[in-house]
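The sequence lines fix the lettering, A, B, ..., with proteins before strands; numbering per chain opens at 1. Computed over heavy atoms, backbone and side chain alike; hydrogens, waters and symmetry mates excluded.
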There are 4 protein chains.
Amino acid sequence: MQEELIKRIREFNKAMDWDQFHSPENLAKSISIEAGELLECFQWSSQFKQEDACEELADVYTYALMMADALGVDINEIALQKLEKTKAKYPEERFRGISTKYNKLEK
Amino acid sequence: MQEELIKRIREFNKAMDWDQFHSPENLAKSISIEAGELLECFQWSSQFKQEDACEELADVYTYALMMADALGVDINEIALQKLEKTKAKYPEERFRGISTKYNKLEK
Amino acid sequence: MQEELIKRIREFNKAMDWDQFHSPENLAKSISIEAGELLECFQWSSQFKQEDACEELADVYTYALMMADALGVDINEIALQKLEKTKAKYPEERFRGISTKYNKLEK
Amino acid sequence: MQEELIKRIREFNKAMDWDQFHSPENLAKSISIEAGELLECFQWSSQFKQEDACEELADVYTYALMMADALGVDINEIALQKLEKTKAKYPEERFRGISTKYNKLEK
């Protein structure tokens, strides 16, 4: 289903002639902007409206897919690589059940 | 391949007992934080290092997948719905080739 | 004391020949990046380290002062103007004690 | 003039009974959200509308002042301290005229 979504996003951007705006830099800005709108759903409380949160998350996700295109990479592949890197930085025996960042953990 | 990635992310978080930290609110914060790190690749110039950009994009994407899980939704489905909404707000004949926001366009 | 701070920031940037990087756009990116680092102090909990939070807040504030310079405006003046605008949008009798955004309030 | 602004912000928040929402965590979220709105002025181009940029910068600045209050610190003092720290990390002879981050500079 992700393939179908990516296909439709590409078609839409082509039909709109919007690819000219989608440099990696502009997409990085766009992801930050949409991440801010997603965060706004939780600004004053951890209570939130499901519909609003889903819509803002969809925007972040869509721009992320477009950025992978702009960078010429497969987003699932780079995420798998990063997951392996994260596993190496956070060995289970030291970080299980704690949220401390790997470089902040007391020795 | 996205299914495989999501499966591995879930397994890792379960093994680490990290799901307790992954409330929608905390994930919204995490997406903003990682979006900032992605933006840092472009802070002073549109030039960037491909490897750094990919790694930060992977973080944004991974947290987005985790947030869809926390919200109990299918991320491709909500993105398809949002794409339809965007198409309705941006009719091709008015917005083709321009980057103006729908509510900022001169009449 | 703010005047003294602004003077020292300007002198430092001049001595470093860094003003060339400080376009409004680059400073807007920088403020988002530092805002993300400030938010990281609260990523997994509302508990935080005072020293870390102060340092990241200082970065946001410093870039905000630099951006006012780049825009050629007095930051206190634009903030006073915005405060008046906010007061007009949020009449006390309707918004006292509630955190709802002005355009989301039920009639 | 900053003193006068801070005084008026405090009075407004008191009159509105909004201080209850202004925890350091909520203000950190608010700064990120407003930073995203400021960045939106530059989303697709380095061209921007002065008035919009000033208004969003004012929001970032106002929340930064409120966060200093919430942390119980003097914002100019913490910024002066951070400036000294930055000067120590970026010696003029090595970083003059270059935008490389201190921990990314080639030896």
C:Gln50 (side chain) donor-acceptor with D:Leu71 (main chain) under 3.5 angstrom
yes
Side chain, backbone, both or neither: which part of C:Lys87 has an atom under 4.5 Å from a heavy atom of chain D?
both
Would you mind checking which part of D:Gln43 comes under 4.5 Å of any heavy atom in chain C, side chain (CB onward), backbone (N, CA, C, O), both or neither?
neither
Pick from D:Ala64, D:Ser23, D:Ser32: which one has the most heavy-atom pairs with chain C under 4.5 Å?
D:Ser32
Give a yes or no on whether D:Glu4 atom CD has more than 12 heavy-atom contacts from other residues, nucleotides or ligands under 6.0 Å away.
yes
Taking side chain as everything from C-beta outward and backbone as N, CA, C, O, which of these in C:Leu83 sits under 4.5 Å from a heavy atom of chain D? Side chain, backbone, both or neither.
side chain
Chain D: which of C:Val73, C:Asp17, C:Asn76 shares the most heavy-atom pairs with it under 4.5 Å?
C:Asn76
Kindly determine whether C:Glu77 and D:Met1 satisfy side-chain contact (heavy atoms from CB on, under 4.5 Å), including the steps that lead there.
CA-CA 8 Å; C:Glu77 201 173 293; D:Met1 190 174 175; 4.0 Å; yes
For chain C, find which of D:Ile75, D:Leu38, D:Thr62, D:Ile9 contributes the most heavy-atom pairs closer than 4.5 angstrom.
D:Ile75
Given heavy-atom pairs under 4.5 angstrom as the criterion, report whether the side chain, backbone, both or neither of D:Phe21 touches chain C.
side chain
Testing D:Glu51, D:Glu55, D:Glu56 one by one against C:Lys82 for a salt bridge (charged side-chain N to carboxylate O under 4.0 Å, His left out), which residue passes?
D:Glu55
Taking every non-hydrogen pair under 4.5 Å, which of C:Ala53, C:Gly36, C:Pro24 racks up the most with chain D?
C:Pro24
Checking the side chain of C:Trp18 only, and the main-chain atoms of D:Ile98 only, is there a donor and an acceptor separated by less than 3.5 Å?
yes
Run D:Ile78 and C:Tyr61 through side-chain contact (heavy atoms from CB on, under 4.5 Å) and show every step you take.
CA-CA 10 Å; D:Ile78 62 170; C:Tyr61 178 66; over 6 Å; no
Closest contact, heavy atoms only, D:Arg96 versus C:Ala15
NE-O, 2.8 Å
Ranked by heavy-atom pairs below 4.5 Å to chain C, first place among D:Leu57, D:Leu39, D:Asp59, D:Asp19 goes to D:Leu57
Of the backbone (N, CA, C, O) and the side chain (C-beta and beyond), which part of C:Gln20 lies under 4.5 Å from a heavy atom of chain D, both, or neither?
side chain
Nearest heavy-atom neighbours spanning C:Ala58 and D:Ala79:
CB-CA, 3.9 Å
Under 4.5 Å heavy-atom distance to chain C, tell me which part of D:Leu5 shows up: side chain, backbone, both or neither.
both
Pick whichever of C:Gln81, C:Met16, C:Glu92, C:Lys29 has the most heavy-atom pairs under 4.5 Å with chain D.
C:Met16
